[in-house]
Amino acid sequence: MARTKNHIELQFLSEPADVNYGGKVHGGMMMKWIDQAAFACALQWSQSYCVTVYVGGIRFFHPVHIGHLVKMEARIIYTGKTSMHIAVDAFSKPVGQADFVKNTHCIIVFVAVDDDGQPKPIPAFKPKNEKEIAMHGYAIKLMELRKSIDKEMEPYIV
């Protein structure tokens, strides 16, 4: 399979309908936008429909204000046979200002599926530069941590 682009950037304006009771963009709205950016990235990489199988480590650093320009950067950082680990960073800034502030970071895992909903092989991601190599290592460390988290959660999932 041919390698495709491993990242995507989406930008949009936060609107009054996105507000929470504190007057900022609702965390659930941020999570929706993060999922949409990650899905677009997974779709671009795999060239097939994908399903979310894990969202973890979401951190909200700074609030996003209504009327600010929001930027979602989604990047493939690791692939398995059918899965894609995607790092998503959210940034915002007042319209008319040059510098974005990082607001949120998380990792989302998607699996590519065929028309029958079964996992489908995808192209392998091979990190090429120092940042990609570091993020690839980060994904591997997080996979190991998730194993212990999964074990802790097991009694409560069933």
Side-chain angles (χ1 to χ4, degrees), residues 1-80 82-113 122-146 149-150 153:
M1 286 187 210
R3 183 187 146 122
T4 57
K5 193 173 172 185
N6 73 318
H7 66 280
I8 195 165
E9 182 180 298
L10 304 177
Q11 291 188 20
F12 46 89
L13 193 62
S14 60
E15 301 176 353
D18 304 326
V19 72
N20 65 15
Y21 290 107
K24 310 293 188 293
V25 172
H26 194 285
M29 184 58 69
M30 293 294 293
M31 291 166 53
K32 176 184 175 183
W33 294 334
I34 287 166
D35 189 56
Q36 289 172 336
F39 175 76
C41 185
L43 182 64
Q44 178 173 268
W45 183 263
S46 67
Q47 296 296 299
S48 72
Y49 185 74
C50 302
V51 294
T52 308
V53 295
Y54 178 84
V55 178
I58 191 164
R59 295 292 184 264
F60 297 99
F61 306 120
H62 301 286
V64 176
H65 298 271
I66 299 303
H68 280 201
L69 184 63
V70 177
K71 174 172 67 170
M72 295 288 166
E73 292 181 359
R75 178 173 305 278
I76 301 283
I77 61 172
Y78 179 88
T79 56
T82 62
S83 65
M84 295 152 279
H85 293 67
I86 300 170
V88 182
D89 291 310
F91 303 85
S92 70
K93 68 176 186 170
V95 174
Q97 288 191 4
D99 297 327
F100 281 94
V101 172
K102 188 173 185 175
N103 304 95
T104 309
H105 170 81
C106 74
I107 300 296
I108 302 183
V109 180
F110 280 85
V111 169
V113 294
I122 59 165
F125 170 67
K126 306 281 190 223
K128 290 186 173 179
N129 58 45
E130 201 171 301
K131 182 177 179 179
E132 288 180 350
I133 291 167
M135 292 300 286
H136 192 262
Y138 169 57
I140 292 168
K141 287 178 187 175
L142 291 177
M143 285 189 297
E144 290 301 316
L145 289 170
R146 275 198 308 273
I149 292 169
D150 288 348
M153 291 177 68

Specify the closest pair of heavy atoms between I8 and C41, including all atoms of both residues, with the distance to one decimal. CG2-CB, 3.6 Å
Pairwise distance CH2(W33) to CE(M72) - rounded to 0.5 angstrom: 6.5 Å
Between OG1 on residue T79 and NZ on residue K126, distance to nearest 0.5 Å: 7.0 Å
Side-chain contact, heavy-atom cut-off 4.5 Å: F110 with D35? yes
I want to check something: taking the side chain as every heavy atom from C-beta on, are E132 and N6 in contact at a cut-off of under 4.5 Å? yes
Heavy-atom pair with the smallest gap, counting every atom of I122 and A112: CG2-CB, 3.4 Å
Identify the heavy atoms of P123 and S46 that sit nearest to each other, and give their distance. CD-CA, 4.4 Å
With no hydrogens and no angle check, is any side-chain donor or acceptor of Q44 less than 3.5 Å from a backbone partner on H7? yes
Taken to the nearest 0.5 Å, the spacing of E15 CD from M29 CE works out to 8.5 Å
For the student: nearest non-hydrogen atoms of Y78 and H136, plus distance: CD1-NE2, 3.3 Å
For H105 and D89, test the side chains for any donor-to-acceptor distance below 3.5 angstrom and give the result as yes or no. yes
Check R75 with E73, please: is the shortest side-chain N to carboxylate O separation under 4.0 Å? no
Steps toward side-chain contact (heavy atoms from CB on, under 4.5 Å) verdict (Q36, F12): CA-CA 12 Å; Q36 289 172 336; F12 46 89; over 6 Å; no
Please check if atom CE in M31 has more than 12 non-hydrogen atoms from other residues, nucleotides or ligands closer than 6.0 Å. no
Surrounding CG of N129 (heavy atoms of other residues, nucleotides or ligands, distance under 6.0 Å), is the total greater than 12? yes
Shortest non-hydrogen contact from I108 to I34? CD1-CG2, 3.5 Å
From CE (M84) to CG (L43), nearest 0.5 Å: 9.0 Å
Flag side-chain contact, heavy atom, 4.5 Å: K24 against N103: no
Kindly compute the distance separating OG1 (T104) from CZ (F61), expressed to the nearest 0.5 Å. 7.5 Å
Once rounded to the nearest 0.5 Å, what's the spacing between atom NE2 of H65 and atom CG of D18? 14.0 Å
Does atom NZ (K102) have a neighbourhood of more than 12 heavy atoms from anything else shown, all under 6.0 Å? yes
I want to check something: taking the side chain as every heavy atom from C-beta on, are L69 and F100 in contact at a cut-off of under 4.5 Å? yes
Shortest non-hydrogen contact from H68 to L13? O-CD1, 3.6 Å
Stepwise side-chain contact (heavy atoms from CB on, under 4.5 Å) test for V109 and I86: CA-CA 6 Å; V109 180; I86 300 170; over 6 Å; no
